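These notes concern the structure reproduced below.
Below, chains carry the letters A, B, ... as their sequence lines are ordered, and counting in each starts from 1. Bear in mind that the values here come from a model prediction, so they are computed numbers and not experimental data.
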Amino acid sequence: MTDKSDKNRYKDTVLLPKTDFPMKAGLQQREPELQKKWAETRLYERIRAARKGAPAWVLHDGPPYANGDAHTGTGMNKTLKDMVVKFRTMQGFDSPYVPGWDCHGLPIEHNVLKDLGGKKPDNMTSVKLRELCLDYANSYVDKQRAQFKTVGVLGRWEHPYLTTSPVYEANVLRVFADLFSRGFITRAKRPVHWSWAAQSALAEAELEYEDRTDPSVFVRFPVSSCGKDCKFREHVEELDNAGDIWDTLALLIWTTTPWTLPANVAVAASTDAEYVLVAYKRATSERLEHMVLAGALLKTVSEKAKLREVRVLKTFLGADLKGVGYSHPFLETACPVVFADYVTLSDGTGLVHTAPGHGKEDFETGKREKLPVVCPIDEAGKFFTGERLRKELQLAPTFEDSRGWLAMLEGQNVLKANPLIVEKLRAEGWLLHDEPVHHSYPHCWRTHQPVIFRVTEQWFIKIDHVDPDKAFNPEGKTLRQRLLDEIARTQWFPAWGEKRISAMIENRPDWCISRQRFWGIPIPAFADAQSGELCVDASTLAHVVKLVEQHGSNVWYDDANWPVEKLLPDEVRPKQFKGRKLVKMNDIFDVWFESGSSHRSVMLADPELADKFPANMYLEGDDQHRGWFQVSLILSVATQGKSPFKQCLTSAFVVDENGEKGSKSKGNIWAIDKGCADLGADLIRYYFASVNTSEPIPVTYSLIQAAGEGYRKLRNTFRALVGNLFDFDPVKDAVAYDRLLPLDRWALSQTARVISEVTAAWERYEFHTAMRALNEFANVTLSSQYIDVCKDRLYCEAATSLSRRSAQTGYWVIADVLTRLLTPVLVHSVEDMWQHLPREAGGPESPHLAAWPKAEGRVDAALDARFELFFKLKAECDRVLDRMRKDKQIGKGYDAMVALAPDESMAKQLADLGQATALTAELAEVLNVSGVAIQSGGEGFEDAATLKGLSLRVDVCNRPACARCYRRTGNVGSITRHATLCGRCAEVVGERA
RNA sequence: GCGCCGGUAGCUCAGCUGGUUAGAGCACACGCCUGAUAAGCGUGAGGUCGGCGGUUCGAGUCCGCCCCGGCGCACCA
């Protein structure tokens, strides 16, 4: 009988792996099928039911904006949330996931208006416009919902929260009412960031700094008066040609916003800085002129303006300028020099153009110095016209626009006015120098147009207000301090988030919560039609809240059905307003106020969540430190007395392969459902779980495809495990832990270590650390070590032998653990893995209903050390074997045998690990060779490279190979019936062949 | 300008409180197996650990300065 025919003869007696679990996942096809099944079998609801009564763990969803596609960034965010929820669910918590959408706001209104030709048609009612906006928002809710589902995110998709629902709106108003009654709300005239393009005030979080180029101008403001006791007067009078000096004397100011010059009402100087009175000639003129500026800046200015014959006539302190007045260079109004501590000598001239209508600091200075507030700019960023402009500029009645300044400015957009003003200043000789300056400047986050500062009357939340309610605020702290206290009590992941948001809270100004748009929740305030007096109190607010809860916020805009008299009948009005004609005020809430109220509208109002406030976690991109986290914190601490979340997890932004932020216009961002269709949701999820999300995350098809290697390795490792369980029924065949072979117990010990490591990483939300551990486990511990060594036992030992059942028990436990540890990430693949896993009857039908594995005290340090040594030996042996393979001496490991020569210490170490015969047999198995002998060394031995006290020799094994197991054990043919088999195989085969 | 984070093999990253010859995966090269097979196993090459200086018996690890990248704050007039 030839070897070949023997091979055929015994082939069927070898227990080769067998499984239907496909090597190729076919995710693109399989995932939609599974999602359909989840929906049909109501998997989410079943999970909820299974956890009913368990301790709650709530991740409260931050609402994405209902506009555009769900792209990689939002997709990643939802994936991370889903992973956390599934992890907590498997840990046994009741972890509902209620998704929501942010449906109001400018971007939606903007897009709707765009379709209407850029602005609301005159014949269209506000109600109609709002209807269009609602339709628009709802259509994107539907679209994004479908997109998020393709990523495999489970949740209460059929009942999400929407910021447009009447209940949500009413609770936003309740937050406002609470703030109002606690004294946090004020309506005041202050300078705010104003987007003229969006025609609305903007909050800090709605600004983006972008680079732009502006004109930097140095302008002469002619000195026109000087008080009697003015020191500066004395300085000038001491000079010879005082008369000439007065005639040509100016204060030199600097600005990069020439359009604010018409609103100039003062020049601010520093009291302590040194100023100089200078004589000079301009580059192109022989006329001698005089000016005042900070001494430290004279050199720079002279050089820039190319001044000639510059002479310092006098040096004095800024304080000496007290009492100096100037005439506005083109409005001819009389203005003073004032002092401010923010005047620095780093740029400009040390004399600061001050326009309280257009700057925060200027406004404060103006308030202190009782300066007029001039703001001649309308909502659209254009100069007022006609009488309104003259009035706002507070011009003298006698002022005649003979030089044409007003005519030039009227109706002009501020940015377009810049060059006009510069040119006219130049033409009239006021301009000493100009040059373009590149700087970053705040822009409107939606329109990307530069914003301006504009004084308007707005609603604010006072961040430094002290809530007098002792129950809430026993120590009488400011809201700002209470926010900082709550931040310190919250767990931040990564930890630096705490510093970041603390710094923001420490520095932030009061929050301007009013916007002048249509698409939002109205600020429910009334005013007397005649006097403008505000009509708001607890009673009016409560009344409107009720109406909004019943009918939605459209009641505010539906003048036909809800005239003021009906909206606010006399019985709910404060006494002094009964019977008076009132008007509804037109402001709406900043959308951040809405989303920031979700703790109230959702966590405290949704029947499923109401008893679970505060949420365990908020999880968003790290830009939300200044966005949702901050506004949620402010509103919750002010009205509930505590933070709405216990943990706050952030991820960095999605970028492309060049590290650039994703944006639709760049085309480096794609809809998440398309990615899932092309690549597979599990692969995308695997990628998100594998990267460090605390640093910018590159997301491209090629990177995700490259991550497929890791995914496939996990999949194939699992496949190898279950392939060997085709005849294994855990109920009947599982071997008790104590009877398992050492290698199998070692594998379980390693598994227990991985469970601990992975669990710890998940508890820190370091998903990539967990995935790394799992990959290494699959690649090294399982694939290269455990599975490789177990092959002979599983394929060749008798089917029901202890040694084979022992290995199968190990495989079964590990396959089960692997599936569970991967469940939060590979939500689809694990369903198929679960189906191929032998399971006890009556257990969970889906891994999503299963429990997170526990390490269960199976770590065995002695076994770990034993096999660590064995595998080191294997590495030594492999090195030699490889050399012999390259020399064509051997092929497989069974063609060789190994002789080990330990020194005294190593010999003792080995002796401790087992009796010689058993030990060498075990080593032969681990090393995958035909035999191992322990000798005293001699010719042909070489020292091990990484093990001290050991030398080894590998020899070609010439003994015949067993036709069935390929091993050259030396007892082939010992049983006549099976002349080509080794003793073990002959016994196993017995009468069967 | 201030602050935070990062700079380790071609790529993606591990390297805890300083301690033998700096690790893993991918990719690459070479080889084995053909009984995990559009798989599996092995071996190998590849690193002045951003630069300079310091502390120390010893520094990828601690300190200082500098360079590069990212982010945040502020850039005001």
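- Residue A:S784 places at least one side-chain N or O closer than 4.0 Å to OP1 or OP2 of B:rG42.
- Pairing of B:rU34, defined by two Watson-Crick or G-U wobble distances under 3.5 Å, is not identified with any nucleotide.
- In this model, the phosphate group of B:rA36 is approached by a side-chain N or O of A:Y795 to a distance below 4.0 Å at OP1 or OP2.
- Distances shorter than 4.0 Å separate none of the side-chain N or O atoms of A:K499 from OP1 or OP2 on B:rC71.
- A donor-acceptor contact under 3.5 angstrom links the side chains of A:T260 and A:H353, judged on distance only.
- A:E695 has its CD atom 16 Å from the P atom of B:rC4, to the nearest Å.
- Under 3.5 Å, the side chains of A:S829 and A:Y686 contain no donor-acceptor pair of N or O atoms.
- Remark: B:rC49 base-pairs with no nucleotide in the shown strands. Criterion, Watson-Crick or G-U wobble with two distances under 3.5 Å.
- Within 4.0 Å (heavy atoms only), A:K888 reaches sugar-phosphate atoms of the nucleic acid but no base atom.
- Here the two rings, on A:F493 and A:Y765, have centers that are under 6.0 Å apart.
- A salt bridge is defined here as a Lys NZ or Arg NE, NH1 or NH2 lying under 4.0 Å from an Asp or Glu carboxylate O, and A:D882 with A:K886 meets this definition.
- With B:rA36, B:rA14, B:rC26 as the choices, the nucleotide that has an atom nearest any side-chain atom of A:H768 turns out to be B:rA14.
- A:H358 has its NE2 atom 12 Å from the P atom of B:rA77, to the nearest Å.
- For the pair A:D882 CG and B:rC32 C1', the interatomic distance rounds to 8 Å; values are reported in whole Å.
- Interface remark: the A:D878 side chain does not form any donor-acceptor pair with the B:rG42 base, using a distance-only criterion of under 3.5 Å.
- For the C1' atoms, the distance from B:rC68 to B:rG51 is 10 Å, rounded to whole Å.
- Rounded to whole Å, the C1' atom of B:rG60 lies 33 Å from the corresponding atom of B:rC41.
- Aromatic rings from A:F453 and A:W194 are positioned such that their centres are separated by 6.0 Å or more.
- Side chain of A:K11, nearest nucleotide from B:rC5, B:rG42, B:rG35: B:rG35.
- A donor atom on one side chain and an acceptor atom on the other are not found under 3.5 Å apart for A:D272 and A:S270.
- When both distances must be under 3.5 Å, the Watson-Crick or G-U wobble mate of B:rC4 is B:rG70.
- A 3.5 Å limit on both hydrogen-bonding distances identifies no Watson-Crick or G-U partner for B:rA14.
- A side-chain contact (heavy atoms from CB on, under 4.5 Å) with A:F777 is found for one member of A:V754, A:T717, A:V758 and no other, namely A:V754.
- B:rC76 and B:rC16: their P atoms are spaced 43 Å apart (whole Å).
- In this structure, A:R715 atom CZ and B:rU37 atom C1' are separated by 16 Å, rounded to whole Å.
- Of all nucleotides listed (B:rU20, B:rG72, B:rG35), B:rG35 comes nearest to the side chain of A:V14.
- Listed pair A:K24 / B:rA38 fails the phosphate criterion, with no side-chain N or O lying under 4.0 Å from OP1 or OP2.
- Within 4.0 Å of A:E709, counting heavy atoms only, lie sugar-phosphate atoms of the nucleic acid but no base atom.
- At a threshold of 4.0 Å, the pair A:D623-A:R626 does not count as salt-bridged, since none of the basic side-chain nitrogens sits closer than that to a carboxylate oxygen.
- Residues A:Y811 and A:Y786 place their aromatic rings such that the two centres sit under 6.0 Å apart.
- Comparing A:V352 and A:L16 by the nucleotide of RNA chain B whose heavy atom lies nearest to each, the residue mapping closer to the 5' end is A:L16.
- A:K892 comes within 4.0 angstrom of the backbone, heavy atoms only, and of no base.
- Across all strands shown, A:R508 has no heavy atoms under 4.0 Å from either base or sugar-phosphate atoms.
- Residue A:Y966 and nucleotide B:rG35 are classified as a stacked aromatic pair, their ring centres being separated by less than 5.5 Å at an interplanar angle below 30°.
- Applying the 4.0 Å criterion to OP1 and OP2 of B:rC73, one finds that A:R626 has a side-chain N or O inside that range.
- Among the nucleotides B:rA77, B:rG40, B:rC32, the one closest to the side chain of A:K713 is B:rG40.
- Comparing B:rA77, B:rA14, B:rC41 by their closest approach to the side chain of A:N692 singles out B:rA14.
- For A:T256 and B:rA77, the shortest distance from a side-chain N or O to OP1 or OP2 is below 4.0 Å.
- Taking atom P on both nucleotides, B:rA24 is separated from B:rG15 by 15 Å, rounded to a whole Å.
- Annotation: B:rU17 and B:rU55 have their P atoms spaced 23 Å apart (nearest Å).
- As rounded to the nearest Å, B:rG44 and B:rC67 have C1' atoms that lie 35 Å from one another.
- Atom-to-atom, CD of A:E876 to P of B:rU43 comes out at 10 Å; the value is rounded to the nearest Å.
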- prompt: Where do A:R879 and A:E942 land on the salt bridge (Lys or Arg N to Asp or Glu O under 4.0 Å) test, with the steps shown first?
  reply: CA-CA 11 Å; A:R879 199 176 358 262; A:E942 57 187 284; over 6 Å; no

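- Each of B:rU37, B:rG44, B:rC73 was ranked by its minimum atom distance to the side chain of A:R879; first place goes to B:rG44.
- Looking at heavy-atom distances under 4.0 Å, A:N775 makes no contact with the nucleic acid at all.
- When both pairing distances are held under 3.5 Å, B:rC57 makes a Watson-Crick or G-U pair with B:rG19.
- For B:rC76, there is no paired nucleotide, since no Watson-Crick or G-U wobble pair has both relevant distances below 3.5 Å.
- Heavy-atom distances to RNA chain B give each of A:T257 and A:K791 a nearest nucleotide, and the one nearer the 5′ end belongs to A:K791.
- Across the strands present, B:rG44 finds its partner in B:rC28; the criterion is a Watson-Crick or G-U wobble pair with both atom distances under 3.5 angstrom.
- Residue A:G359 is out of contact with every strand shown, counting any heavy-atom pair closer than 4.0 Å.
- Straight-line distance between the C1' atoms of B:rC57 and B:rC52: roughly 23 Å, to the nearest whole Å.
- Here, B:rC63 and B:rG72 have their P atoms 26 Å apart, quoted to the whole Å.
- Across B:rA36, B:rG42, B:rG25, the shortest atom-to-atom separation from the side chain of A:R885 is found for B:rG42.
- Considering only the side chain of A:I787, B:rA36 comes nearest among B:rG72, B:rA36, B:rG42.
- Between A:I890 atom CD1 and B:rC33 atom P the separation is 9 Å, expressed in whole Å.
- Below the 3.5 angstrom threshold, one finds a donor paired with an acceptor across the side chain of A:S783 and the base of B:rA36.
- Side chain of A:N716, nearest nucleotide from B:rG31, B:rC41, B:rA39: B:rA39.
- The distance between atom CH2 of A:W496 and atom P of B:rG6, rounded to the nearest whole Å, is 11 Å.
- Rounding to whole angstrom units, NZ of residue A:K874 and P of B:rU43 are separated by 8 Å.
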